[in-house]
Protein chains: 2
Amino acid sequence: MTLPRSTPPEPHPQPPETPQRHPGGRRPGENRTREQILDAARECFAERGYDATSVRRIAETAGVDQALVHHFYGTKEKLFLNALEIPLRMPEALAEAAAGDRVGLGSRIVLAHLRVWEDASARPAMMTTLRSAATHRSAAAVLRDYAKGSIREALGKVITGEDVELRIALIATTLIGLSLTRHLVRLDPVPDTSPQELAARLGPVIDLYLDPVPPAA
Amino acid sequence: MTLPRSTPPEPHPQPPETPQRHPGGRRPGENRTREQILDAARECFAERGYDATSVRRIAETAGVDQALVHHFYGTKEKLFLNALEIPLRMPEALAEAAAGDRVGLGSRIVLAHLRVWEDASARPAMMTTLRSAATHRSAAAVLRDYAKGSIREALGKVITGEDVELRIALIATTLIGLSLTRHLVRLDPVPDTSPQELAARLGPVIDLYLDPVPPAA
DNA sequence: GTCTATAAATAGATAGAC
DNA sequence: GTCTATCTATTTATAGAC
């Protein structure tokens with residue numbers, strides 16, 4: 001796993017989703033409040049970024065008192081670091097897309113990337129990371145590790161030749177740029193273009209970076 | 001000119017750089033304070049974004065009192081809108097790059113884009129726009145208008161065929177993504193790669209979008 | 001044009017009752 | 001675990017002297 005290992009310094013003792021036997025650990029069924037707060041935080045951070053989101057607003061969104069946020073997460077910063085945890089779905093999806101045939105690989109990578117972004121359960125954390133990456137060091141660090149990590153994990157064995165590091169970074173740049181104009185800056189008509197059409201346009205770009213032989217022209 | 005016409009609503013009566021004859025307008029030599037404040041604002045906004053930049057900090061950077069910032073610009077928001085004014089150099093550079101031969105066009109576009117970003121006098125405003133685009137509506141609007149505007153102005157006559165709007169937007173996406181990973185997120189090794197190598201890698205990508213015939217694969 | 005002083009709102013964070 | 005109440009710092013912005 002190549003994910004945000006460096007950033008979220010806190011272990012997070014989360015009660016299990018379903019109440020069950022607890023061989024020594026934290027008692028289950030305690031309350032879902034902690035996770036409600038985290039979900040609310042992701043929602044707010046995703047929508048407005050770190051600075052413009054107040055602890056009070058997060059508490060209100062979660063339907064709890066402001067003091068509870070500090071009770072569970074200590075500081076706004078620590079809560080934010082927890083909110084940055086990007087779901088494993090993206091690296092998994094990319095790896096799965098990379099497994100198949102070499103033909104159409106770039107297109108499948110783009111489609112996998114877009115599919116994860118459409119996933120409502122995965123989006124808030126990714127949106128939080130992307131939106132805050134420009135103004136928050138930790139978010140930028142997570143984005144760096146995550147983007148290159150998942151792509152290297154998926155394409156490390158496929159991509160060979162010169163300047164491998166640069167080409168991986170440029171694939172990441174392509175996908176990050178796409179998410180930026182599609183979901184954040186909303187550069188018309190990117191947000192309204194179908195995944196299929198985007199894959200048709202961007203797939204060959206990824207393939208270009210994957211090809212060890214630079215194009216003749 | 002296709003630049004931020006929609007966003008900076010304020011006219012900006014700036015005294016000329018060099019004291020000279022003034023046929024009716026504002027008296028020159030009044031003081032450079034107003035521009036010092038604007039420069040300081042760009043510097044601060046570029047470095048930390050809108051929210052994390054306080055009026056006090058801008059004043060300190062400019063070496064003036066905080067009240068002066070409000071005296072000249074009214075509110076922090078209005079000052080920010082002024083700071084977003086992107087220099088004309090970028091659309092000019094892109095147009096110049098587009099003027100030449102069709103061969104190597106993509107590469108020249110990338111080089112022109114990179115060259116303007118290296119320009120110390122142009123960077124703060126662009127950095128301000130890019131950094132704040134994710135969290136500030138006006139900055140996002142300026143980035144949208146500016147990116148598509150300058151590219152359409154430069155390449156409008158060259159780019160033909162299907163999905164012209166989308167392809168223009170994707171060229172903008174490519175260049176914005178590059179600036180993001182090179183100057184903001186600093187995705188290794190993009191920040192340390194020479195303009196020539198980046199142009200060699202990204203030029204063919206731009207050419208791909210310029211080509212009315214989609215690639216065979 | 002430039003400053004001091006301060007208003008008014010909001011921020012993150014904590015103490016302590018229940 | 002959850003809440004009330006509050007502290008302290010910082011923010012944008014303004015009024016008014018010089």
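Proteins get letters first, then strands, A, B, ... in listed order; numbering begins at 1 in each.
Proximity of B:Thr33 to the phosphate of C:dG1: no side-chain N or O atom is located under 4.0 Å from OP1 or OP2.
Taking B:Ser179 as the reference, B:His113, B:Trp117 meet the side-chain hydrogen bond (donor to acceptor under 3.5 Å, both in side chains) condition, with sequence neighbours excluded. By the side-chain hydrogen bond (donor to acceptor under 3.5 Å, both in side chains) test, A:Thr181 is found to be paired with B:Thr173, residues two or more places apart in sequence or in another chain being considered. With sequence neighbours left out, A:Arg186 forms a side-chain hydrogen bond (donor to acceptor under 3.5 Å, both in side chains) with no residue at all. In this structure B:Lys148 satisfies the salt bridge (Lys or Arg N to Asp or Glu O under 4.0 Å) test together with B:Glu165, sequence neighbours excluded. Partners of A:Glu43 according to the side chain to side chain contact (heavy atoms under 4.5 Å, CB included) rule, which considers only residues two or more places apart in sequence or in another chain, are A:Thr61. By the side-chain hydrogen bond (donor to acceptor under 3.5 Å, both in side chains) test, A:Glu60 is found to be paired with no residue, residues two or more places apart in sequence or in another chain being considered. With sequence neighbours left out, the ring pair (Phe, Tyr, Trp, His ring centres under 6.0 Å) criterion links B:Phe80 to B:Phe45, B:Tyr50, B:His136.
Two residues are said to be in side-chain contact when any heavy atoms from C-beta on lie closer than 4.5 Å; B:Leu130 and B:Leu184 meet this criterion.
A:Asp51 has its CG atom 17 Å from the P atom of C:dT10, to the nearest Å. Remark: C1' of C:dG12 and CZ of A:Phe45 are 12 Å apart, rounded to the nearest angstrom. Counting to the nearest Å, the C1' atom of C:dT14 and the NZ atom of A:Lys78 are 14 Å from each other. The separation between B:Ile37 atom CD1 and C:dG1 atom C1' is 11 Å, rounded to whole Å. Distance B:Tyr73 OH to C:dT2 P: 12 Å, rounded to the nearest Å. The distance between atom CD1 of A:Ile58 and atom P of C:dA11, rounded to the nearest whole Å, is 11 Å. Look at CZ on A:Arg48: it is 10 Å from P on C:dA11, rounded to the nearest Å. Summarising the geometry, the separation between CZ on A:Phe80 and P on C:dA11 is reported as 17 Å, rounded to the nearest angstrom.
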- Given pairs defined as Watson-Crick or G-U wobble with both distances under 3.5 Å, what dot-bracket annotation applies to DNA chain C, with ( ) intrastrand, [ ] crossing, | other strand and . unpaired? ||||||||||.|||||||
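Under 3.5 Å, the side chains of A:Thr193 and A:Arg201 contain no donor-acceptor pair of N or O atoms.
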- Message: Base contacts versus sugar-phosphate-only contacts with protein, heavy atoms under 4.0 Å: please encode nucleotides 13-18 of chain D as B, S and - from 5' to 3'.
- Response: BB----
